[in-house]
Participant: 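I'd like to ask you about the structure that follows.
It should be emphasised that the depicted structure is a prediction, and the values quoted were computed from it without experimental measurement.
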Amino acid sequence: MVNKRTSIFSILVVILILGFLALQLPNLQFDYELENFFPNNDPDLKYYEEFSQTFGHDNDYLLLGFESTNGLLNQAFLSQIDSGLSKTENLQHTLQVFSPTSMKSIAKTPMGFIPIPLLHISNPSKLKRDSIKLFDHTLYREMFVSKSGKSLKAIVVHERFKTKEEADKYVNEIHRIFDGFTPRVRIAGKAVAQTAFVEAVKADFTKFILIALVLIFLWLIVFMRQIVLIIMALCISGLSVVATIGLMALAGKKIDVLSSLIPTILLVVSMSNIVHLFSHIRQEFLKFKELKPAINQAIRQVGVATCLTSLTTAMGFITLIMINVKPIIDLGIYAAGGIILAFVITYLLYPSVVTLLKPNISESNKGTFLFSPLEKLYENISRNGKTIMISSIAIFMLSLFGLTKLEIDAYLVNDLPEDDVVKSDFIFFDQQFSGSKPFTLSIWSKKASNPIYSKQVIEEMDKIEQLIKIHAQAGDLVSPVSIVKLANQNLHRASPTYYRLPQSDKEWKKAFHHIRRSHMERRSTKVSTKSLAQITGYFQDLGSKDASLKHANLLEALDKNVNHQIIGYRLTGTTLLIDKSHELLSINLIKGLGLAILIVAIIAGLLFKSLRMILITLIPNLFPILVVAAIMGYFSIPLNLSTSVIFAISFGIVVDDTIHFLSQFRFEYQGGKNKGEAINAALLKTGRPILMTTIILTTGFMVFCFSSFSAVFYMGLFVCISFVTALVADLFLLPVLILKWLPDHKK
């Protein structure tokens with residue numbers, strides 16, 4: 001029972017809780033960690049973590065691209081590059097720098113082994129000869145020279161950054177070193193992409209909330225018409241957002257590209273609760289002519305339905321845990337928690353504030369252009385029921401066909417805007433060099449008598465490298481094979497012609513002796529232990545679908561051509577793990593949607609205690625999901641980790657209006673009205689709030705279409721489409737299903 005005393009008590013309780021959570025807001029941080037998108041508790045993840053303890057993480061690098069406007073091996077151009085890279089090498093977190101300006105070969109001469117620069121920058125007369133050697137060298141040409149022959153590349157290997165701040169500082173220092181270069185130096189790598197994503201998330205985070213507030217405010221003017229009621233609604237929604245963000249800060253959750261959506265989602269979902277409650281208070285006030293009984297009656301009538309819709313929406317988000325990727329799991333958990341918080345805050349504050357302030361709520365929306373069609377809706381539905389059913393079946397069949405065209409695919413930086421500098425730099429390395437994504441293959445010797453640096457193992461690894469180039473199309477491959485070829489080259493006066501495996505047993509022995517004596521791996525990337533090795537390189541970001549296909553083809557070729565008695569092998573690395581998350585997406589998404597459907601079926605079963613009513617509840621709410629999936633399929637918009645949340649969000653929210661409508665229908669039907677009369681009454685009483693909430697929800701999620709991330713844009717667009725589809729299904733298909741399938745009172 002809501003009265004003055006309970007209202008004051010409710011407000012004080014909310015103030016205390018919100019005050020505590022609001023104090024946590026200064027602790028809120030932003031983050032974008034690539035590793036967070038790896039599949040949780042996966043055997044490949046465990047193997048990679050163990051493997052990286054020996055060889056390091058395969059994405060701790062930056063690629064630097066230098067474009068020349070006056071000849072590739074121009075002395076001034078090379079000197080400028082060398083000067084900048086020398087400063088980069090001296091930075092705190094730099095481990096190694098590989099570039100054509102700093103690489104040296106160790107050549108065997110009558111005077112012993114002497115270092116010979118790959119490029120004699122200070123001696124212009126030797127540069128022409130050096131350029132011939134560079135272009136004749138299989139490894140260095142591919143590693144350092146662009147396909148167009150107009151750019152050079154350097155690889156900067158850095159330490160693992162403990163914090164994002166460390167990474168940002170390091171990247172900013174490199175930008176300052178090369179700030180005066182013309183054309184500008186292109187930089188790609190995890191640390192650069194991470195910063196770009198975080199800055200975009202920060203911009204979207206504020207932008208979403210502000211635009212959503214403005215748009216919702218404008219619609220509330222149409223619906224509520226009184227500034228006091230509008231301010232009350234916005235404040236209560238805003239407090240729900242503050243409470244949830246405070247809870248996230250308290251739990252140490254950092255805002256990433258997906259969790260940045262939570263405030264806007266809560267703003268519109270909590271507003272839906274308020275609109276339904278407000279509409280029923282207004283209806284009851286017109287009947288009772290007194291505020292207090294109107295509030296209590298509205299709570300009794302709509303409170304259970306709103307509680308159930310909050311639970312179904314929360315459950316829709318909770319099913320995201322099935323996708324088994326941390327940012328998506330976090331989105332599901334915190335959005336679900338925020339929705340429950342929003343329900344509690346709404347029902348504690350809104351009736352209490354209305355009771356104390358006593359605003360004028362008697363004004364009706366009846367007769368306005370938005371709501372007047374509802375008055376004749378039932379008449380049109382009963383007259384055109386057959387047409388509605390046939391149209392629904394046709395849409396259903398078209399949607400099923402479109403669903404078969406839906407594919408899973410994802411790119412590393414594709415979500416960034418088309419004109420983003422970071423995105424263009426990654427594309428530059430994909431187009432001009434071997435690529436920007438790391439490739440890693442783990443290899444081990446199966447016999448103690450054959451260490452990694454033995455003829456049999458190296459020959460098998462060389463065979464593997466050829467297959468990698470053919471099937472995975474990876475380049476810049478570095479492995480013990482590279483070390484042996486370089487050793488053989490060093491023993492032949494550093495001639496690029498001898499960058500090959502030794503030809504005789506004597507040459508093999510000399511090469512292995514040279515590797516041990518000169519500790520060649522210390523001057524290169526660590527590629528081996530006594531029995532374990534890695535082949536590393538780069539390949540283009542052509543999408544997770546393409547990468548998975550290439551990996552499958554590579555493994556098939558390796559199984560057929562490699563001597564399995566000598567060596568074993570396993571694909572590993574960050575690229576494999578991200579692609580695996582996408583591979584598992586379809587299975588996990590089906591599991592999540594299946595769980596959501598089951599939960600809604602259980603709620604509908606408890607509410608209506610009828611198998612037919614469970615089907616009647618589910619069918620209109622599966623339509624929006626099928627329509628969205630079909631549109632994505634027809635327009636070749638791929639499903640990925642970011643857009644996968646569309647279906648859970650859609651199903652969790654669109655079922656709300658169905659439950660509101662069916663709850664009101666049950667109330668009218670059990671009150672003695674026949675099916676037609678109960679449907680008409682339910683349409684008149686819930687049609688307005690359903691229409692209002694759909695407009696607010698659609699407007700709120702439309703905000704995501706202003707995002708700089710393409711995945712967030714598509715999420716906003718398709719969730720809005722699902723809301724509109726659900727509205728049509730609830731107002732037209734749902735009543736027809738009730739008329740056709742639900743038996744009347746006598747039966």
Side-chain angles (χ1 to χ4, degrees), residues 2 7 11 14 209-241 264 266-299 301-303 305-306 309-310 342-343 345-375 653 656-657 660 664 683-703 723 727:
V2 177
S7 298
I11 292 171
V14 173
I209 295 175
L210 291 177
I211 297 175
L213 281 171
V214 170
L215 294 176
I216 290 172
F217 177 79
L218 294 175
W219 278 115
L220 288 179
I221 290 175
V222 175
F223 298 146
M224 295 185 176
R225 302 193 179 187
Q226 292 190 41
I227 195 66
V228 174
L229 294 171
I230 294 170
I231 292 173
M232 283 169 52
L234 289 174
C235 286
I236 291 171
S237 284
L239 290 173
S240 301
V241 173
T264 309
L266 290 180
L267 198 63
V268 294
V269 171
S270 61
M271 189 61 68
S272 173
N273 292 338
I274 292 171
V275 167
H276 276 287
L277 183 55
F278 164 77
S279 297
H280 279 77
I281 290 175
R282 171 179 280 175
Q283 288 175 12
E284 298 304 321
F285 182 78
L286 294 174
K287 182 167 54 176
F288 286 101
K289 306 300 181 183
E290 290 185 28
L291 196 56
K292 192 183 296 183
I295 293 171
N296 287 303
Q297 179 64 16
I299 292 173
Q301 198 169 25
V302 78
T306 307
T309 58
S310 296
F343 169 75
I345 290 171
T346 298
Y347 273 80
L348 282 176
L349 280 187
Y350 194 80
S352 301
V353 174
V354 171
T355 299
L356 295 176
L357 295 182
K358 299 179 180 178
N360 180 17
I361 61 169
S362 60
E363 187 176 359
S364 174
N365 286 318
K366 188 174 182 179
T368 62
F369 75 99
L370 282 172
F371 305 112
S372 55
L374 294 172
E375 296 174 6
I653 295 177
D656 294 1
D657 288 338
H660 276 293
Q664 187 64 44
L683 285 171
L684 291 174
K685 290 184 178 180
T686 63
R688 291 184 178 88
I690 286 174
L691 184 57
M692 289 163 62
T693 54
T694 300
I695 290 173
I696 289 175
L697 286 167
T698 304
T699 302
F701 276 88
M702 199 179 293
V703 168
F723 290 160
L727 176 67

Participant: For Gly700 versus Thr264, what's the shortest heavy-atom pair and its separation?
Facilitator: O-CG2, 3.8 Å
Participant: In Å and rounded to the nearest 0.5 Å, what is the CG to OG distance from Leu277 to Ser272?
Facilitator: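 Taking CG in Leu277 and OG in Ser272, the distance rounds to 11.0 Å.
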Participant: How many angstroms lie between NE2 in His276 and NE2 in His660, if you round to the nearest 0.5 Å?
Facilitator: 3.5 Å
Participant: What residues, two or more places apart in sequence or in another chain, satisfy ring-ring contact (aromatic ring centres under 6.0 Å, His included) together with Tyr350?
Facilitator: none
Participant: Can you find a heavy atom in the side chain of Thr355 that is under 4.5 Å from one in the side chain of Leu291?
Facilitator: no
Participant: How long is the span from the CZ atom in Arg282 to the CZ atom in Arg688, to the nearest 0.5 Å?
Facilitator: 9.5 Å
Participant: Would you check if Ile227 and Ile221 make a side-chain contact, meaning some heavy-atom pair closer than 4.5 Å?
Facilitator: no
Participant: Atom CD1 in Ile281, atom CD in Gln297: separation rounded to 0.5 Å?
Facilitator: 11.5 Å
Participant: Just do the side-chain contact (heavy atoms from CB on, under 4.5 Å) check on Leu683 and Gln664 with the steps written out, would you?
Facilitator: CA-CA 9 Å; Leu683 285 171; Gln664 187 64 44; over 6 Å; no
Participant: Nearest 0.5 Å please: distance from the CD1 atom of Ile695 over to the CD1 atom of Ile216.
Facilitator: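 The CD1 atom of Ile695 sits 12.5 Å away from the CD1 atom of Ile216.
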Participant: List the atom of Ile696, the atom of Trp219, and the distance in Å for their closest heavy-atom pair.
Facilitator: CG1-CB, 4.5 Å
Participant: With a 4.5 Å heavy-atom cut-off, do Leu220 and Gln226 have their side chains touching?
Facilitator: no
Participant: What residues form a ring-ring contact (aromatic ring centres under 6.0 Å, His included) with His280, not counting sequence neighbours?
Facilitator: none
Participant: With heavy-atom distances below 4.5 Å as the criterion, would you say the side chains of Met271 and Thr693 are in contact?
Facilitator: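 They are not in side-chain contact.
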Participant: Measure the spacing between CG of Asp657 and CG of Leu697 and express it to the nearest 0.5 Å.
Facilitator: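 Output value for this atom pair is 7.5 Å.
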Participant: Taking the side chain as everything from C-beta on, heavy atoms only, tell me whether Pro293 gets closer than 4.5 Å to Glu284.
Facilitator: no
Participant: According to ring-ring contact (aromatic ring centres under 6.0 Å, His included), who are the partners of Phe723, at least two apart in sequence or on a separate chain?
Facilitator: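 Phe701.
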Participant: For the residue pair Ile653 and Thr309, establish whether any side-chain heavy-atom pair is separated by less than 4.5 Å.
Facilitator: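 The answer is no; the side chains never approach within 4.5 Å.
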Participant: Are any non-hydrogen side-chain atoms of Met702 and Leu215 less than 4.5 angstrom apart?
Facilitator: no
Participant: Looking only at heavy atoms, what is the nearest atom pair of Gly303 and Tyr347, with distance?
Facilitator: CA-OH, 3.7 Å
Participant: So among Thr346, Val14, Ile231, Leu348, which one has a side chain to side chain contact (heavy atoms under 4.5 Å, CB included) with Ile236?
Facilitator: Thr346
Participant: Checking side-chain polar atoms at under 3.5 Å, does Ser270 have a donor or acceptor matched by the opposite partner on Ser237?
Facilitator: yes
Participant: Minimum heavy-atom separation for Val241 to Leu267, with atom names?
Facilitator: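 Smallest interatomic distance, heavy atoms only, reads CG2-N, 3.9 Å.
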